[in-house]
Amino acid sequence: MRMSKMFLQTEKEDPKDADIVSYKLLIKAGYIRKLVSGVYHFLPLGLRVLRNVEKITREEMNRSGAEEILCSALQPKELWDESGRWEKYGAGLMRLKDRNEREFCLGPTHEEIFTEIVRKQIKSYKQLPMIIYQIQTKYRDEKRPRFGLIRAKEFLMKDAYSFGVNEKDLDEAYHVMYDTYKRIFDRCGLKYKAVLADTGAIGGDGSHQFMALSDVGESAILYCSKCDYAADQEKAETKFEKKEEKLKEIKIVETKDKKTIEEVATFLGVETKNCAKSVVYKTGERIILVLVRGDRHVNLAKLCNITGAGEEELLFAEDDEIKKYLSTEPGFIGPVGLKCEMIIDKELANTPNFITGANLRDQHVLNVNFKRDFEATVADIIEVVEGDRCPLCGMPLLMERGIEVGQIFKLGTKYSEKMHCDFTDLDGVEKPMYMGCYGIGVSRTIAAIIEQSYDADGIVWPKEIAPYKYMVIPANMKDMVQVTLAEELYKRLLEKNLEVILDDRDERPGVKFKDTDLLGIPHRIVVGRKAGENIVEFKQRANKESSEITVEELLNQI
RNA sequence: CGGGGUGUGGCGUAGCUUGGCUAGCGCACUUGAUUUGGGAUCAAGGGGUCGCAGGUUCAAAUCCUGUCACCCCGACCA
């Protein structure tokens, strides 16, 4: 490609609306352009990068034995009704109607579609197991799109679905995909961790996320300082020690105007972890009192799983609703004597003699004990933080932030049962298939790569990702010796089937160097003053090493 | 959804408080000259519904009302 002909515009100044590196650089270097919030165009260089990530993904998926298809993005409501997700998915689903008022959505994910395709075609155990996948644009009406390609409304995703006859098939497919994902992200040059994950809206009972480590990541990862336990914060568990202490007698104390945990703890001269935090949630008509230790936060993902509520359905109850439905006093809520659904965190359940609200204005209760004083469902509902104990080995957990670039799920028969995706087994009995699903955010991966690989001058692409691998720069376009040699070199590199740009613009060399760095082209070849002696400069973007070599040496070397 | 902020040529911005002449500057773009190893210099030039709608006024980028878009923060309390 000739730079003079390229559809490219680089910018010197940072875009006003960007504050993370990957987005700034993608815009400045002319890789992408924003249409509206959360929706982006890929310009020639951006598309080449996207295609490179796709290529790696496709090659590794094919290598694993999976087969590629391409489904429609437009999906009819009926299929989503079958799985029950038309209601459950909530506002994130892009819904639309055709001219006959028939309802559709733009696919945010494709479990329903793949299940539909497979149930039409696969009838026998003999045709299983199998994995099919696609690379396609997905649509999600995000609450708040942000960080450029990291959270977009429209984005490119690779999604794969496995179908098998039993759990063993599923486990095998899951492991194959796990290994495949590692190969994909290795080739993308990412530093990442595979962590245990919550299954969220997709459902199922086993999942890993692949997290590209980065401070701008929206997810928190907790991992053990000693063993190899690693989990998303939504999923992470911790080990706690059961405190042995004699149960004391329950006692009401006056706590005038002391509403928050901190106020009460300070007032009573105790630590917040000796108090119980009572949080009232509602989902539809259901009112749930959730109890965690005073120094803990409720983990919404865990709570959703336990209550069966969707993340958008589970809300904090307003004060007047609390008064109305629970006949208690906001600010002084406690489990003792309260009549409603209650869930207590297992850590608090094992804490003796804690303090709670008394359900009366300006009063709290001391020495409350689970079981003795009230009953509730026990569950793990706290958010684990850095310093908590590893659930496997008990050593302290560390925390890091990550960008979720991939996730794999064991779906089991969740979709196949609802949607009647059955096969006839060896014994002649019709059974639901065991499914898994496996996603990679292709466009998001690009942003993650940049977040991990840039410097003051611009992007530093890993070699497989770079849109072009070589930049040939004639330093002075008026010097015919330089121009001729550069043209010759360009031709020779093209003949070798290398991805090369010739910067044939009539610009000063500084401009060309700056652009090469900004674009992140891995290898730069400058044809300059020594062109007459057939010597050029060969410089590497990543480590800034450069050498002067003859054209012949260069051609032999690459 | 709640809170805060911002909308002025392709990009980045000044002007707005205190209304007033042709809306200024840098980058980019066009033409010419000089220049050519880390974002050149000079000269000439083109490009603007000041987000949109309404209002106040002799007069609105500027004041008022509404609206749209974009960005950031938040969604944890008993």
Side-chain angles (χ1 to χ4, degrees), chain A residues 8-20 23-24 27-28 30 33-39 90-91 143-148 255 257-265 272 275-281 289-292 294-303 311-312 314-319 322-323 326 328-335 338 355-365 381-383 456-458 473-479 482-483 503 505-518 524-531 536-537 539 544 546 548:
Chain A
L8 171 71
Q9 168 87 348
T10 58
E11 301 288 343
K12 283 184 193 170
E13 276 164 297
D14 286 347
K16 176 74 177 119
D17 62 0
D19 65 342
I20 72 161
Y23 182 47
K24 267 184 203 165
I27 296 284
K28 276 175 82 171
R33 197 169 286 168
K34 184 172 80 175
L35 179 63
V36 295
S37 178
V39 181
K143 268 191 273 199
R144 189 174 149 207
R146 59 183 143 177
F147 303 147
T255 50
D257 295 330
K258 305 286 185 273
K259 292 188 176 188
T260 68
I261 295 276
E262 279 75 23
E263 285 167 0
V264 173
T272 53
C275 300
K277 182 184 279 187
S278 310
V279 188
V280 182
Y281 287 90
L289 178 71
V290 175
L291 295 154
V292 297
D295 59 333
R296 292 293 191 180
H297 283 309
V298 174
N299 180 322
L300 207 54
K302 288 181 181 175
L303 192 60
E311 198 160 318
E312 293 186 18
L314 204 57
L315 305 166
F316 289 115
E318 303 294 334
D319 281 1
I322 292 173
K323 281 183 192 167
L326 298 181
T328 180
E329 189 62 35
F332 301 90
I333 300 175
L338 209 62
I355 298 162
T356 79
N359 297 314
L360 294 167
R361 194 169 172 76
D362 298 334
Q363 312 226 338
H364 276 78
V365 198
I381 44 173
I382 57 167
E383 195 155 277
D457 295 312
I473 300 176
N476 184 347
M477 290 301 286
K478 296 283 191 301
D479 182 334
Q482 292 182 21
V483 172
D503 195 345
R505 293 175 299 173
D506 188 10
E507 291 284 356
R508 293 164 64 88
V511 174
K512 299 182 180 183
F513 298 156
K514 288 283 184 189
D515 275 341
T516 306
D517 289 346
L518 179 61
R524 183 179 93 181
I525 300 160
V526 183
V527 182
R529 294 194 188 102
K530 293 189 179 169
V536 298
E537 183 217 42
K539 186 168 184 180
K544 299 191 162 129
S546 80
E548 289 196 336

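Below, read A as the first sequence line, B as the second, and so on, with proteins coming before strands; counting in each chain starts at 1.
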Show the distances under 3.5 angstrom between N or O atoms of the protein and N or O atoms of nucleotides 24-26 of chain B.
from	atom 1	to	atom 2	distance (Å)
G26(B)	N2	E13(A)	OE1	3.1

Query raised in the report: Partners of N476(A) by side-chain hydrogen bond (donor to acceptor under 3.5 Å, both in side chains), sequence neighbours excluded?
Result: none
Query raised in the report: Of the nucleotides C76(B), A78(B), U36(B), which has the atom closest to the K277(A) side chain?
Result: A78(B)
**Report entry** Atom-pair distance (OH on Y281(A); P on A78(B)), nearest Å
**Finding:** 10 Å
Requested in this report: Apply side-chain hydrogen bond (donor to acceptor under 3.5 Å, both in side chains) to N359(A) and list each qualifying residue two or more places apart in sequence or on a separate chain.
Outcome: T328(A)
Query - K34(A): salt bridge (charged side-chain N to carboxylate O under 4.0 Å, His left out) partners, not counting sequence neighbours - result: D17(A)
**Report entry** Residues which pass salt bridge (charged side-chain N to carboxylate O under 4.0 Å, His left out) with R505(A), listed by chain and number, not counting sequence neighbours
**Finding:** D503(A), D515(A)
Query raised in the report: Residues two or more places apart in sequence or in another chain: which of them pass ring pair (Phe, Tyr, Trp, His ring centres under 6.0 Å) with F513(A)?
Result: none
Requested in this report: Measure from the side chain of V280(A), starting at C-beta and using heavy atoms only, and say which of G37(B), G74(B), A78(B) lies closest.
Outcome: A78(B)
Query - Residue list, side-chain hydrogen bond (donor to acceptor under 3.5 Å, both in side chains) with T255(A), at least two apart or on another chain - result: H364(A)
Restricting both atoms to N or O, compile the protein contacts to nucleotides 6-8 of chain B shorter than 3.5 Å, with distance only.
none

Report task. Could I get the full list of side-chain hydrogen bond (donor to acceptor under 3.5 Å, both in side chains) partners for R361(A), not counting sequence neighbours? Result -> E329(A)
Requested in this report: Give one of base, sugar-phosphate or nothing for R144(A), where a contact means two heavy atoms less than 4.0 Å apart.
Outcome: base
Requested in this report: May I ask you to say what Q9(A) touches in the nucleic acid, namely base, sugar-phosphate or nothing, with a heavy-atom cut-off under 4.0 Å?
Outcome: sugar-phosphate
Report task. State whether S278(A) places a side-chain N or O below 4.0 Å from either non-bridging phosphate oxygen (OP1 or OP2) of C77(B). Result -> no
Requested in this report: Compare side-chain N and O positions of K34(A) against OP1 and OP2 of C71(B) and report whether any pair is under 4.0 Å apart.
Outcome: yes
Requested in this report: Classify every nucleotide of nucleotides 39-47 of chain B by which part a protein heavy atom approaches to under 4.0 Å, writing B for the base, S for the sugar-phosphate alone and - for neither, in 5'-to-3' order.
Outcome: BB-------
Query raised in the report: Counting a pair only when it is Watson-Crick or G-U and both distances are under 3.5 Å, which runs of at least 3 such pairs involve RNA chain B?
Result: B:1-7 with B:68-74, B:10-13 with B:24-27, B:29-34 with B:40-45, B:51-55 with B:63-67
Query raised in the report: Considering residues at least two apart in sequence or located in another chain, which fulfil the salt bridge (charged side-chain N to carboxylate O under 4.0 Å, His left out) criterion with K530(A)?
Result: E548(A)
Report summary line: When rounded to whole Å, the CD to P distance for the pair E383(A) and C77(B) reads 12 Å
